Amino acid sequence: MNWPTAIVHVDMDTFFVSVERLHDRSLIGKPVIVGGGQDGDLRRGVVAACSYESRAFGVHSAMPLAQAMRLCPEAVIVPVGRSNYGEYTSRVRTILESFTDLVEMASPDEAYLDLRGTDLLHGEPIGAAHHIRSRIAAQTGLPVSIGLATTRTQAKIASKLSKPSGLFVVAPGGEAAIVRPLSISALPGLGPKTAKRLNGANIRTLGQLIDAGEERLVRLLGDHGASYYRRAIGKGSAQVTPSRERLQISTEATFGDDIGERELIHGKLARMTMKLGSQLRKREQWAGTLTLKIRYPDFTTLTRREGIEPRTNDDTILYRRARDFFDRVWDGATPLRLLGVGVANMGDAVQGDMFEDEDGRKRERLLQTLDSIGSAKGNARLIWGSALEAKNPPAAPPEME
DNA sequence: TCTGGGGTCCTAGGACCC
DNA sequence: TCTGGGGTCCTAGGACCC
């Protein structure tokens, strides 16, 4: 078979559940739900992953946990984060990189590979895809689904068709025929809003979408329409980009109980900005944009961004900016359901500016030392101590567990 | 006892500049 | 008194993904 391009999509089946089962064999064969919110709080949590046994009861991911427990009372609930999922992501990545350098981790449990140039070492694409699947199973114990096709979109559709734990091949030239019977929702990136609009135009299957033609889809959906059409017929991208630097970092929390006390919220902001600062320094990045997100009990959600000049990764600067920003955005009365803060627009520090004075150099050394030695909690206390000694101490102390 | 947390990409409109 | 057009940067928010 002649493959002009050969893209493999690797998808770990029920990833969090599979990892938990490696650590606790008793979970095998049972309905298992991994989920929860902040600090293991189940009240406002959702399903992060669920086993096939629980799906038989109608449970699916992103469903409120309370609803999932009603549908499947016998399910075993495992708090998300009990095991170290990142460790398994790294192990899978290492295995994939033994096949080719062209590996793109699209999420912790998903990857794309470009098989060009691997035939001498690993044989033709179908054989290589088999090897990838068996090697991940043998070396990690994780079930994995594999799709092989000429483009990213087709490979992802193929891996879904192969579930659970299979291999599905879309041969070159067979793309349109394979997708025609599928629902339009099977096309990656075509979500519920777009599906609804297309249904309104009597387009329900990818066959109907293809028959509608590119022009009509552009009239219905704008520029996106052309992209859906091209990807459906197998003319989508075959570009695999080995994983990039993060473009943004954020953290957010939905509170078990809504909170309306300004000082308590400032304390949450302090902890969140410390976490962001530490992650930025670990990556040696400086952030040029701060983002703030708040959600009120009625689910109204506001997001705001503003520039930080000069760029920074200093906890205290991030905290003061976030706090001032928050005080300008919050109405001061309505309690919050959710608070989030993030950074973006990363780049290099402006040399010789931020740390010009002796105080600044001292703080930089302090932060570096703390990052290298301490636990996050220990860091938070020590850095807060230093912030209090600064010339303009923040108004409210952060809350510590 | 409705609706998590972490991301990416795209669009639209305003400000500003030439 | 008039008032184009293009480019770029910035912010807000929508849609989507796992």
Side-chain angles (χ1 to χ4, degrees), chain A residues 9-17 33-50 60-71 73 79-81 85-86 89 104-112 145 152-153 156 159-160 184-198 221-228 231 237 241 243-257 272 275-276 279 288-309 325 329 337-346:
Chain A
H9 183 249
V10 176
D11 193 324
M12 265 95 80
D13 298 325
T14 63
F15 180 54
F16 295 167
V17 172
I33 295 173
V34 178
Q38 259 329 80
D39 308 317
D41 189 337
L42 301 185
R43 285 178 302 165
R44 285 179 164 180
V46 297
V47 175
C50 51
H60 57 79
S61 64
M63 173 183 277
L65 214 46
Q67 188 185 350
M69 289 158 79
R70 279 196 301 271
L71 287 171
V80 64
Y85 311 119
T89 300
E104 175 180 335
M105 295 304 296
S107 76
D109 63 347
E110 250 191 300
Y112 291 93
S145 296
R152 293 168 66 96
T153 294
K156 189 169 161 82
S159 73
K160 191 149 218 170
I184 49 175
S185 305
L187 196 70
L190 198 162
K193 307 270 176 171
T194 308
K196 199 172 172 197
R197 290 173 69 176
L198 288 171
L221 305 170
D223 288 345
H224 287 302
S227 155
Y228 294 133
R231 291 194 294 118
S237 166
T241 309
S243 312
R244 303 165 296 178
E245 293 261 291
R246 278 252 200 301
L247 302 176
Q248 58 183 71
I249 306 172
S250 66
T251 181
E252 63 183 62
T254 296
F255 306 122
D257 300 292
M272 289 174 160
K275 185 172 160 188
L276 293 177
Q279 290 186 65
T289 300
L290 191 65
T291 70
L292 185 72
K293 178 172 172 178
I294 65 182
R295 176 171 289 156
Y296 292 118
D298 71 357
F299 236 69
T300 307
T301 307
L302 304 180
T303 63
R304 294 286 185 276
R305 300 168 211 188
E306 75 177 10
I308 312 171
E309 182 66 34
F325 198 11
V329 170
R337 175 190 175 88
L338 171 148
L339 177 67
V341 57
V343 289
N345 187 13
M346 262 76 92

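These numbers come from the heavy atoms of this one structure, side chains and all, not from hydrogens, waters or symmetry mates. A quick note: this is a predicted structure, and the numbers were derived from the prediction, not measured.
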>> Without decimals, in angstroms, what is the distance between A:D223 CG and B:dT11 C1'?
In response: 10 Å
> Quick one: which of B:dT1, B:dG6, B:dC9 gets closest to the side chain of A:S250?
Replying inline: B:dG6
> Can you check whether A:F16 reaches A:D109 side chain to side chain, under 4.5 Å on heavy atoms?
Replying inline: no
> Taking the side chain of A:A253 as heavy atoms from C-beta outward, which of B:dC10, B:dG4, B:dG5 is closest to it?
Replying inline: B:dG5
> Within this structure, what is the OH-to-P distance between A:Y85 and C:dC18, rounded to whole angstrom?
Replying inline: 18 Å
> Phosphate oxygens OP1/OP2 of B:dG5: is one of them under 4.0 Å from a side-chain N or O of A:T254?
Replying inline: yes
> Under a 4.5 Å cut-off applied to non-hydrogen side-chain atoms, are A:V46 and A:L65 in contact?
Replying inline: no
> Hey, does the side chain of A:K293 come within less than 4.0 Å of B:dG6's phosphate (OP1/OP2), counting only N and O?
Replying inline: no
> Rounded to whole angstrom units, what separation is found between the CD1 atom of A:I294 and the P atom of C:dA12?
Replying inline: 12 Å
> With a 4.0 Å cut-off on heavy atoms, is A:F299 in touch with a base, just the backbone sugar-phosphate, or nothing at all?
Replying inline: base
> Please give, in whole Å, the distance from B:dC2 P to A:R44 CZ?
Replying inline: 8 Å
>> Could you tell me how far B:dT3 sits from C:dC18 if I compare only their P atoms? Round to whole Å.
In response: 23 Å
> Looking at A:R246 and A:M346, what are the two nearest heavy atoms and their distance?
Replying inline: O-CE, 3.9 Å
>> Using heavy-atom distances to pick each residue's nearest nucleotide on DNA chain B, tell me which of A:Q279 and A:P297 is more 5'.
In response: A:P297
> Which part of the nucleic acid does A:A62 contact within heavy-atom distance under 4.0 Å: base, sugar-phosphate only, or nothing?
Replying inline: base
> Rounded to whole angstrom units, what separation is found between the CG atom of A:L190 and the C1' atom of B:dT8?
Replying inline: 17 Å
> Where the side chain of A:S107 is concerned, which of B:dG4, B:dT1, C:dC18 is the nearest nucleotide?
Replying inline: C:dC18
> Can you tell me if the side-chain N/O atoms of A:Q248 get under 4.0 Å from OP1 or OP2 in B:dT8?
Replying inline: yes
> How many Å lie between CD1 on A:I249 and P on B:dG7, as a whole number?
Replying inline: 7 Å
>> Should the side chain of A:R305 and the base of C:dG13 be counted as holding a donor-acceptor pair, with the cut-off at 3.5 Å?
In response: yes
> A:P64 side chain: which of B:dC2, B:dC9, B:dG4 is closest?
Replying inline: B:dC2
> Taking CE from A:M105 and P from B:dG7, how many angstroms apart are they, rounded to a whole number?
Replying inline: 15 Å
> Choosing from B:dG4, B:dG6, C:dC16, which nucleotide comes nearest the side chain of A:R337?
Replying inline: B:dG4
> Is A:K160 close to A:D11 at the side-chain level, that is, under 4.5 Å between some pair of heavy atoms?
Replying inline: no
>> Checking contacts here: which listed nucleotide (B:dT1, B:dG4, C:dT11) is nearest the side-chain heavy atoms of A:V46?
In response: B:dG4
> Side chain of A:R246: nearest nucleotide among B:dG7, C:dC18, B:dT3?
Replying inline: B:dG7
> Touch check for A:K275, heavy atoms < 4.0 angstrom, all strands: base, sugar-phosphate only, or nothing?
Replying inline: sugar-phosphate
>> Under 4.0 Å, heavy atoms only, any strand: does A:Q67 hit a base, just the sugar-phosphate, or nothing?
In response: nothing
>> What's A:G340 touching, base or sugar-phosphate or nothing? Going by heavy atoms closer than 4.0 Å.
In response: nothing
> Checking all strands, does A:R197 fall into the base, sugar-phosphate, or nothing category for heavy-atom contacts under 4.0 angstrom?
Replying inline: nothing
> Think A:R304 has a side-chain N or O under 4.0 angstrom from the OP1 or OP2 of C:dG13?
Replying inline: yes
>> Of the listed nucleotides (C:dA15, B:dG7, B:dG6), which one gets closest to any side-chain atom of A:T194?
In response: C:dA15
> Using atom P of each nucleotide, how far apart are B:dG6 and B:dC2 to the nearest Å?
Replying inline: 23 Å
>> Given B:dG6, B:dT3, C:dA12, identify the nucleotide with an atom nearest to the side chain of A:T303.
In response: C:dA12
> When the distance from CD of A:E110 to C1' of B:dG7 is rounded to whole Å, what number comes out?
Replying inline: 13 Å
> Contact class for A:T301 vs. all strands (heavy atom < 4.0 Å): base, sugar-phosphate, or nothing?
Replying inline: nothing
> More than 12 foreign heavy atoms under 6.0 Å from CG of A:D298: is that the case here?
Replying inline: yes
> When the ring planes of A:H9 and A:Y112 are compared, do they come out parallel, tilted or perpendicular, using 30° and 60° as the limits?
Replying inline: tilted
> With sugar-phosphate meaning primed atoms plus P, OP1 and OP2, does A:K156 contact a base, only sugar-phosphate, or nothing at under 4.0 Å between heavy atoms?
Replying inline: sugar-phosphate
> With a non-hydrogen cut-off below 4.0 angstrom, is A:P192 in contact with a base, only sugar-phosphate, or nothing?
Replying inline: sugar-phosphate
> Looking at A:V80 and A:V34, what are the two nearest heavy atoms and their distance?
Replying inline: CA-CG1, 3.6 Å
> Taking the side chain as C-beta and beyond, is there a heavy-atom pair between A:M272 and A:K275 under 4.5 Å?
Replying inline: no
